[in-house]
**Q** 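Have a look at the structure that comes next, please.
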Amino acid sequence: MRIVIADDAVLLREGLIRLLTERGHEVLAAVADGEALVGAVVAHRPDVSIVDVRMPPSHTDEGLRAAVEARRLVPRTPILVLSQYVEVSYADDLLATTGGGGGGIGYLLKDRVAAIDEFLDALDRVAAGGTVLDPEVVGQLFARRRRDDPLRELTPREREVLGLMAEGRSNTAIARSLVVTDGAVEKHVRNIFTKLQLPPDTEQHRRVLAVLAYLRN
C-alpha cells in the first residue's frame, strides 16, 4: 500500500515508517502537522493515511480537522485516526464524512499499534473501504445510549453484532467471535438493517449507515 503518516511524535512516526516499510508498504510522506497532511493527501492520493488526532499548534483536534479536510478535498480517501484517549465526538465527526456510503474510516487508540497484526489488519480494512472503530470506543458508545435511542428495538444479540460491525469485522469474523454460524450472523445483520429502516443498497453502504446510526444516538 501507498501510505501517508501524520504524527508530531517523532518516535511513533519513525516506528510506523519502519514497521510499514518492513511489511512491504511504501510511505509516501511522514509529516508532523495537519496542514502538511492535507497537502500530502492531495499531492500523493495515498491508499490510506494514518493520522494522530492531536497535533500542533494546540494539540487538541488539529489532526482530526485535517483528516476531515483531506476527505473533503479527496473524497473517500481512506483515513485511520490514532488517539491517545477515547474521544467519541472525534469519531463522530470523522464518520460524518462517510455520507453516500463512502467508508475508509478508522479510529483506534494508539495502544492498539502495539498489537501489530491487529493494527495492520485494521489498516488493510480501512484501505479497502471499511469502517473500523476501536473496541474501547464501541464500549463507550453503548454506555451512553439514551432511552429514546432509535436502536432500542434491537435485541441484545443484534446490538452485539452491530458493535462488532462497528469494529470493522466481517460476518465471518463476527461468527467466529460469537461462536455461531455465518448464516445466523447474516440473519442478525438483515434484522438490523430492517429495524433501522436502511434502504436496499450495497451491503457495504448499509453497513456504514448502520454504524453511523449506532454512533450518533
Side-chain angles (χ1 to χ4, degrees), residues 1 3-20 27 29-38 40-41 46-72 76-98 102-145 163-169 208 211-212 214-217:
M1 288 187 295
I3 301 170
V4 165
I5 299 171
D7 197 310
D8 67 308
V10 176
L11 288 179
L12 180 57
R13 191 170 67 239
E14 293 300 318
L16 285 172
I17 292 172
R18 180 174 178 178
L19 168 65
L20 294 169
V27 177
V31 301
D33 61 74
E35 183 178 353
L37 164 68
V38 174
V41 169
D47 297 319
V48 64
S49 298
I50 303 170
V51 182
D52 184 17
V53 166
R54 298 184 175 188
M55 288 194 290
S58 71
H59 293 279
T60 53
D61 63 350
E62 281 85 356
L64 173 79
R65 287 189 281 111
V68 171
E69 177 66 6
R71 294 268 294 184
R72 185 185 70 81
R76 301 191 180 186
T77 186
I79 302 279
L80 175 60
V81 167
L82 301 179
S83 179
Q84 191 69 41
Y85 308 103
V86 177
E87 296 165 293
V88 172
S89 62
Y90 289 170
D92 193 19
D93 289 343
L94 192 62
L95 276 167
T97 69
T98 60
I105 288 296
Y107 184 102
L108 293 181
L109 293 182
K110 285 189 173 181
D111 288 347
R112 208 67 60 185
V113 178
I116 294 175
D117 289 339
E118 183 178 339
F119 168 69
L120 293 174
D121 178 62
L123 191 65
D124 285 341
R125 283 183 278 151
V126 170
T131 302
V132 178
L133 294 180
D134 193 284
E136 290 293 328
V137 175
V138 172
Q140 289 208 17
L141 291 171
F142 271 134
R144 72 173 194 171
R145 296 267 76 89
L164 292 170
M165 285 170 58
E167 293 177 19
R169 302 197 193 191
V208 171
V211 170
L212 283 172
Y214 166 62
L215 182 71
R216 291 174 174 170
N217 292 278

**Q** So if I apply the side-chain contact (heavy atoms from CB on, under 4.5 Å) rule between Leu37 and each of Asp7, Val31, Ile50, which one comes out positive?
**A**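 The single option meeting the side-chain contact (heavy atoms from CB on, under 4.5 Å) with Leu37 is Val31.
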**Q** Which atom names give the shortest non-hydrogen contact between Ala70 and Thr77, and what distance separates them?
**A**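 Closest pair (atom of Ala70, atom of Thr77, distance): O-CG2, 3.8 Å.
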**Q** Within the distance-only criterion (no hydrogens, no angle test), does the side chain of Glu14 pair as donor or acceptor with the backbone N or O of Leu12 below 3.5 angstrom?
**A**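 It does not hold such a pair.
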**Q** Where is the tightest heavy-atom contact between Leu109 and Asp134, given as atom of each residue plus distance?
**A**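 Shortest heavy-atom separation between Leu109 and Asp134 comes out as N-OD2, 3.0 Å.
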**Q** With a 4.5 Å heavy-atom cut-off, do Tyr107 and Leu64 have their side chains touching?
**A**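 A side-chain contact under 4.5 Å is absent here.
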**Q** Once rounded to the nearest 0.5 Å, what's the spacing between atom CG of Leu82 and atom CG of Leu16?
**A**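 Going from CG on Leu82 over to CG on Leu16, the span is 7.0 Å.
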**Q** What pair of heavy atoms forms the shortest contact from Val41 to Ser49, and how long is it?
**A**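 The answer is CG2-OG, 3.5 Å.
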**Q** Quick one, Glu118 and Leu108 - any side-chain contact, counting heavy atoms below 4.5 Å?
**A**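 Glu118 does not reach Leu108 side chain to side chain.
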**Q** Could you tell me whether Asp52 and Lys110 make a salt bridge, using a distance below 4.0 angstrom between a side-chain N and a carboxylate O?
**A**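 A salt bridge is present here (some side-chain N lies under 4.0 Å from a carboxylate O).
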**Q** Could you walk me through whether Leu20 and Ile5 satisfy the side chain to side chain contact (heavy atoms under 4.5 Å, CB included) test, starting with their C-alpha distance in whole Å, then the side-chain angles of each, then the deciding distance to 0.1 Å, before giving a yes or no?
**A** CA-CA 10 Å; Leu20 294 169; Ile5 299 171; 3.9 Å; yes
**Q** In Å and rounded to the nearest 0.5 Å, what is the CD to CD distance from Glu35 to Glu62?
**A**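 Between atom CD of Glu35 and atom CD of Glu62 there are 11.5 Å.
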**Q** Measure the CZ-OG1 distance between Arg54 and Thr60 for me, rounded to the nearest 0.5 Å.
**A**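 The OG1 atom of Thr60 is 7.5 Å from CZ of Arg54, to the nearest 0.5 Å.
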**Q** Please report the closest heavy-atom contact between Val48 and Leu80, naming both atoms and the distance.
**A**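 So the minimum-distance heavy-atom pair works out to CG2-N, 4.5 Å.
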**Q** Which heavy-atom pair separates Gly34 from Met55 by the least distance, and what is that distance?
**A**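 Nearest pair, atom of Gly34 first, then Met55: N-CE, 3.7 Å.
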**Q** Between Pro56 and Ala32, which heavy-atom pair has the shortest distance, and what is it?
**A**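 For Pro56 versus Ala32, the nearest heavy atoms are CD-O, 3.4 Å.
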**Q** Do side-chain atoms of Asp47 reach the backbone of Met1 as a donor and acceptor pair under 3.5 angstrom?
**A**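 Not a single qualifying donor-acceptor pair exists.
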